[in-house]
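Data block below; observations after.
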Amino acid sequence: MHPKRVLALALTAALSGAVLSGCAGTPEPRTPTRADSGSSPPAAPGTVTELATGLDMPWGLTFLPDGSALVSGRASGQIHHIPAEGGQAALVGEVPGVEVSAEGGLLGLAASPGFAEDRAVYAYVSGPPTNRVVALRVAEDLRSLRRERVVLDGILTADRHHGGRLRFGPEGHLWIGTGDAFEPENASDEDSLNGKILRIRPDGSIPEDNPTPGSPVYSSGHRNVQGIAFGPDGTAYASELGHRTWDELNVLRPDLDYGWPETEGTDGDTGEPPIFTVHPDEASPSGIAFAQGSIWMGALGGQRLWQLPVDGPEAAGEPVSHFVGEYGRIRTVEPAPDGSLWLTTSNTDEATWGGTAPRPNDDRLLRLELTGS
């Protein structure tokens, strides 16, 4: 069993940025020294710069070779281009076939590792008849796009729990996080693509080293995966939204079951245990990125950025929260080519499931230049 760092924060401690941790198994929180002493919350981990404003429900973000980025709009179905130095978001085009639901629409984006030659961007599209991953071709001038093909379909759709994050792994395969489509039993159903981590080649074919020949399923027993990241040693991580007890950060291994619906975080004894668990009120995690020895995890309900120290597949320290309540809901965290992190807020989405009301100029794209980067 892998070590767990269990985070169990009281609401007052959470608002002050205090961190509590415990041992594996039943959570046994420590006394929150920061909150009790009245000292300041943790210092920001670096300099934050506002790159773009006025974004409508941004969800996916992917970098292009020149350091600029494409951002998806969940409800609009549109993709916008943002220069590397920031500035006005310019419309690239609208992805066909997007249908909006409570949590669905145009979700994750991932530019092809060979984008400079093939101009390919992959998008996770939710809506009837199924959720699917499509390949888009973006024009040279970044002012139009067309859908070339469906790369993977058959992911059940619903009003909620779509997953939706896409990430190219170090081996060049496309990794896909899916949700259980609000039917928990899908996560443990070996015939379902829901509640899974999927892994395919860019052309939609199945890698020969996938656990089951001919199947895109890499791991199962997930509730709702909205974040995937890779460490420099190739370790694969995924963030997962729990129900009411624990959100999770997992290390992904082939053919393993991660416990849902029988187990949620440390509540239960089935499946592979997470390396970090966080109470949903302080997290509701979405995008994640690896940088400087930590996983950086955006929190929706928790309205903060979590720093989770890792050493390959193990936890390597206690979690620290940054920017508590400062920017509202944080949806996406992406590592930029220059070593910074780009973050999108998700406050124009607040009417769906609550959160914080949009502030003037929301939603925002932020650049975090980490101290020491």
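Just so you know, these numbers use all the heavy atoms, side chains as well, and skip hydrogens, waters and symmetry mates.
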Taking side chain as C-beta onward, heavy atoms only, is [X] less than 4.5 Å from [Y]?
X    : Y    : value
L305 : L368 : yes
L136 : I79  : yes
P274 : L249 : no
F290 : P335 : no
E318 : P309 : no

Open item on the list: Pair F276, E248 - check side-chain contact (heavy atoms from CB on, under 4.5 Å), show working.
Closed with: CA-CA 6 Å; F276 287 97; E248 304 175 12; over 6 Å; no

- [ ] Please lay out, stage by stage, how T157 and H162 fare under the test side-chain contact (heavy atoms from CB on, under 4.5 Å).
- [x] CA-CA 7 Å; T157 192; H162 300 275; 3.5 Å; yes

To the closest 0.5 Å, what do you measure between [atom1] ([X]) and [atom2] ([Y])?
X    : Y    : atom1 : atom2 : value
I176 : I228 : CD1   : CD1   : 8.0 Å
N361 : L55  : CG    : CG    : 10.5 Å
L61  : L70  : CG    : CG    : 8.0 Å
M297 : Q226 : CE    : CD    : 11.5 Å
R167 : L174 : CZ    : CG    : 11.0 Å
R223 : L241 : CZ    : CG    : 7.0 Å

Task: Worked verdict on D338 versus R367 for side-chain contact (heavy atoms from CB on, under 4.5 Å) - done: CA-CA 11 Å; D338 64 2; R367 179 182 181 272; 2.8 Å; yes

Co-membership, hydrophobic cluster, residues [X] and [Y], 4.5 Å side-chain:
X    : Y    : result
L198 : L107 : yes
V95  : L152 : no
L51  : L341 : no
I197 : I200 : no
I155 : V151 : yes

Just by distance, do the side chain of [X] and the backbone of [Y] share a donor-acceptor pair under 3.5 Å?
X    : Y    : value
E240 : N250 : no
D247 : S284 : yes
S188 : G221 : no
E272 : L256 : no
D159 : S101 : no
R74  : G104 : yes
W306 : E282 : yes
S239 : S286 : yes

Task: Sequence neighbours excluded - side-chain hydrogen bond (donor to acceptor under 3.5 Å, both in side chains) pairs with any residue from residues 51-73 - done: D66-S68, S68-H81

TODO: For residues 134-147, pull every pair meeting salt bridge (charged side-chain N to carboxylate O under 4.0 Å, His left out), keeping only residues two or more places apart or in separate chains.
DONE: R119-E140, R146-E148

Task: Qualifying salt bridge (charged side-chain N to carboxylate O under 4.0 Å, His left out) pairs with a residue from residues 83-100, counting only residues at least two apart or across chains - done: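 Residue pairs with at least one partner in residues 83-100: there are none.
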
TODO: Could you walk me through whether R165 and T332 pass the side chain to side chain donor-acceptor pair (under 3.5 Å) test, one step at a time?
DONE: CA-CA 10 Å; R165 193 65 63 182; T332 294; 3.2 Å; yes

Could you pull out the closest heavy-atom pair between [X] and [Y], with the gap in Å?
X    : Y    : result
L193 : V217 : CD2-CG2, 4.0 Å
G234 : P170 : CA-CG, 4.4 Å
G97  : V125 : O-CG1, 3.8 Å
L64  : A111 : CD2-CB, 4.2 Å
L109 : V71  : CD1-C, 3.9 Å
S112 : D118 : OG-OD2, 2.8 Å

Task: Steps toward side chain to side chain donor-acceptor pair (under 3.5 Å) verdict (T270, T263) - done: CA-CA 6 Å; T270 63; T263 295; 2.6 Å; yes

Task: Donor-acceptor side-chain pairing of N194 and T178 below 3.5 angstrom - done: no

Only pairs at least two apart or in different chains count here, so list each ring-ring contact (aromatic ring centres under 6.0 Å, His included) that has a residue in [range].
range            : answer
residues 193-216 : none
residues 106-161 : Y122-F168, H161-F182
residues 188-230 : W175-Y218, W175-F230, H222-Y258

Open item on the list: Pair R304, I330 - check side-chain contact (heavy atoms from CB on, under 4.5 Å), show working.
Closed with: CA-CA 7 Å; R304 68 195 71 189; I330 297 178; 5.8 Å; no

TODO: Can you sort out the partners of R199 under salt bridge (charged side-chain N to carboxylate O under 4.0 Å, His left out), two or more places apart, ordered by chain and number?
DONE: E171, D209

Task: side-chain hydrogen bond (donor to acceptor under 3.5 Å, both in side chains) against W296, all qualifying residues, sequence neighbours excluded - done: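 Expected list: none.
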
Open item on the list: Can you list everything that forms a side-chain contact (heavy atoms from CB on, under 4.5 Å) with S144? Sequence neighbours excluded, please.
Closed with: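 Only A139 meet the side-chain contact (heavy atoms from CB on, under 4.5 Å) criterion with S144.
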
Task: Residues in side-chain contact (heavy atoms from CB on, under 4.5 Å) contact with T345, at least two apart in sequence or another chain - done: Y327, N347, D362, D363, R364, L366

Task: R149 CZ: over 12 foreign heavy atoms closer than 6.0 Å - done: yes

- [ ] Go through the structure and list residues passing ring-ring contact (aromatic ring centres under 6.0 Å, His included) with F63, not counting sequence neighbours.
- [x]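 Listed in chain order: W342.
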
Task: Residues forming a ring-ring contact (aromatic ring centres under 6.0 Å, His included) with Y237, sequence neighbours excluded - done: none

TODO: Indicate yes or no: does E103 engage R160 in a salt bridge with an N to O separation below 4.0 Å.
DONE: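 Here E103 pairs with R160 in a salt bridge, since their nearest N and O are under 4.0 Å apart.
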
